[in-house]
Amino acid sequence: MNRIKLLIFDWDGTLADSADKIVNTMQGAIRALGLPARDDQSIRELIGLGLNECLQLLYPEIELARLLQLLDGYKARWVNDGAGEADLFAGALEAVQALHGDGFDIAVATGKSRKGLERSLTQHVGIRRLLINSRCADETLSKPDPLMLRELLADQGLAPHEALMIGDTDYDMAMAAAIEMPAVGVSCGVHAPERLQRAGAIGLLDGVAALPAWLAQARAGESRRIRAG
C-alpha cells in the first residue's frame, strides 16, 4: 500500500449512485423498441461493462444490426428523458478530495462512453478538477479486459503495484487481477461482496467514503511490519 501513487475509480455504482437510473433507462429503451422483456436484475448484473457488450449478453439471439438500433434508442432516451445525472454517493467527493490532498493521483476507468462520462463530469465538477486521466469503454476494450488499466498505467509511467483499482463489480476486480494490480471492492453498487472477494478484492468497503481510513490503516500496518522486520 505504501507504493501506491494512483487511485483508479469505476464510475457507475462506485462514485455515482446510478444503477437504478441505468436500469430504468434501459427498460424504457427495450419497451420503446419492442424487444423481448428482460428483468431488472439481468440488466443490473451487467452494469460496468461497455454498452455493446451488455446488449449482446442480454440479447444473444438478436443480430448485431438490431442491437445497434437498441443502442441508438438507449442513447436517445438517456439524453432526452434522463433529466440529469445521478448523484454521487454520500461522502464520495469528500473522500476523493481528501485522498488527492494526501498526494494520490486520481483516475477513472469506466464502462461508460466518453460522451457519457463527460456529461457526468460536467455536473460533478468537483471530481473533474481532481482527475489526472480517464478511460471509457468506447475508446479501448471493455471490462473485464485490463487494457484500460494498462493504458492508464502507461500514461503515468507506473507499474501495476503502484496503482489501486476501486470498483463495485467483479469486472473491476477481474481486470485488476489480470495484471496483478491490487483492487478494493465497494458494496454500494451492483455485485455482492462475496463476488468481489472471489474476483480478487483485497478489501471490502461499504463505499468510497470509507477508503481514506482503510488506506491509512493499511499503510500504517505495512509500515509497522517493515519496522518490526
Atom of I4, atom of R219 and distance for their closest heavy-atom approach: O-NH1, 4.0 Å
Minimum heavy-atom distance G111-A137, with the two atoms named: O-CB, 3.4 Å
Sub-4.5 Å side-chain heavy-atom contact between L131 and L121: yes
Under-4.0 Å salt bridge between R128 and E118: yes
CE on M1 to CD on Q217, rounded to 0.5 Å: 12.5 Å
Co-membership, hydrophobic cluster, residues L7 and L204, 4.5 Å side-chain: no
Atom pair CG (D12) and OG1 (T110), whose distance is rounded to the nearest 0.5 Å: 5.5 Å
Carboxylate-amine/guanidinium contact K143 D172, below 4.0 Å: yes
Close side-chain approach of L35 to I62, heavy-atom, < 4.5 Å: yes
D206 CG: over 12 foreign heavy atoms closer than 6.0 Å: no
Note, E85 side chain near S18 side chain (heavy atom, < 4.5 Å): no
V184 reachable from V108 in the ILVMFWY side-chain graph, under 4.5 Å edges: yes
Same cluster (ILVMFWY, side-chain, under 4.5 Å), F89 and L164: no
side-chain contact (heavy atoms from CB on, under 4.5 Å) assessment of L211 paired with F104: CA-CA 12 Å; L211 184 60; F104 292 102; over 6 Å; no
Spacing of CG belonging to L196 relative to CD1 belonging to I202, to within rounding of 0.5 Å: 13.0 Å
Minimum heavy-atom distance between Q27 and D39, given as atom pair plus value: NE2-C, 3.8 Å
Neighbour count >12 (heavy atoms, 6.0 Å) for atom CZ, R129: no
Parallel, tilted or perpendicular: rings of H191 and Y171 (30°, 60°): perpendicular
Shared hydrophobic cluster for L149 and L49 (ILVMFWY, side-chain gaps under 4.5 Å): no
Residues K112 and D138 bridged, charged N to O under 4.0 Å: no
Single-linkage hydrophobic cluster, 4.5 Å side-chain cutoff, L147 and M165 together: no
L55 and M26: CA distance, side-chain angles, deciding distance, side-chain contact (heavy atoms from CB on, under 4.5 Å) verdict: CA-CA 10 Å; L55 297 177; M26 193 71 168; 2.9 Å; yes
D105/L158 under side-chain contact (heavy atoms from CB on, under 4.5 Å): CA gap, chis, key distance, verdict: CA-CA 11 Å; D105 287 330; L158 298 175; 5.9 Å; no
Carboxylate-amine/guanidinium contact R198 E194, below 4.0 Å: no
Interatomic distance, T25 atom OG1 to D20 atom CG [nearest 0.5 angstrom]: 10.5 Å
Of D10, V23, D168, the residue whose pairing with I47 passes side chain to side chain contact (heavy atoms under 4.5 Å, CB included): V23
Side-chain donor/acceptor of E151 to backbone N/O of S134, under 3.5 Å: no
Flag, side chain of S113 to backbone of G116, donor-acceptor distance under 3.5 Å: yes
Salt-bridge present (R135, D155; N to O < 4.0 Å): yes
Min side-chain heavy-atom separation K21-D87 under 4.5 Å: no
Rounded distance [0.5 Å steps], CE in M175 versus CE in M148: 5.5 Å
Non-hydrogen side-chain atoms of L6 and I132 separated by less than 4.5 Å: yes
Nearest atoms (heavy-atom pairs only) where G185 meets A201: N-CB, 4.0 Å
R38 versus L58, closest heavy-atom pair with distance: NE-O, 2.9 Å
Spacing of CD belonging to E53 relative to CG belonging to L141, to within rounding of 0.5 Å: 8.5 Å
Shortest non-hydrogen contact between V186 and I166, atoms and distance: CG1-CG2, 4.1 Å
Min side-chain heavy-atom separation L153-M181 under 4.5 Å: yes
H100 (side chain) donor-acceptor with I127 (main chain) under 3.5 angstrom: no
